[in-house]
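Working notes for the structure below.
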Amino acid sequence: MFTSKAHCYLCKREIQPYEEIYVKMRYPKSKGFTEIKAFLKNEGNIICINCFPTESVNARNQSQ
Ligand SMILES: [Zn+2]
């Protein structure tokens, strides 16, 4: 999905292959998902799992 090295938006750490990430971005205005890849390059902020606010993650994983 990402052709170049990606770094966490918050801690600047390099994202490792297969690492779980979160992306904060605006939804494209016109063509929806076909433009998301281009949008990621320009406006997407990749957040590694260490920096992502853990409240929502913990809530989702409570049953495990
Ligand atoms: Zn990070």
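When reading the values below, keep in mind they use all heavy atoms of this one structure, side chains included, and skip hydrogens, waters and symmetry mates. Everything numeric in this text was worked out from a predicted model, so none of it was measured. Indexing begins at 1, ligand by ligand and atom by atom, following the structure's order. Along the sequence shown, the residues carry numbers beginning at 1.
Contact between Leu10 and Cys51 at its shortest, heavy atoms only, is CD1-CB, 3.6 Å. Between Cys48 and Cys8, the shortest heavy-atom contact is N-SG, 3.4 Å. The minimum heavy-atom distance between Arg13 and Asn50, with the atom names listed, is NH2-ND2, 3.5 Å.
Protein contacts to the Zn ion (ligand 1) involving N, O or S atoms at a distance below 2.8 Å are Cys8 SG, Cys11 SG, Cys48 SG, Cys51 SG.
The CD1 atom of Ile46 lies 11.0 Å from the CD atom of Glu14; values are rounded to the nearest 0.5 Å. Note: Tyr9 OH to Ile47 CD1 = 7.5 Å, rounded to the nearest 0.5 Å. Between atom CD1 of residue Ile49 and atom CD1 of residue Ile15 there is a gap of 10.5 Å, rounded to the nearest 0.5 Å.
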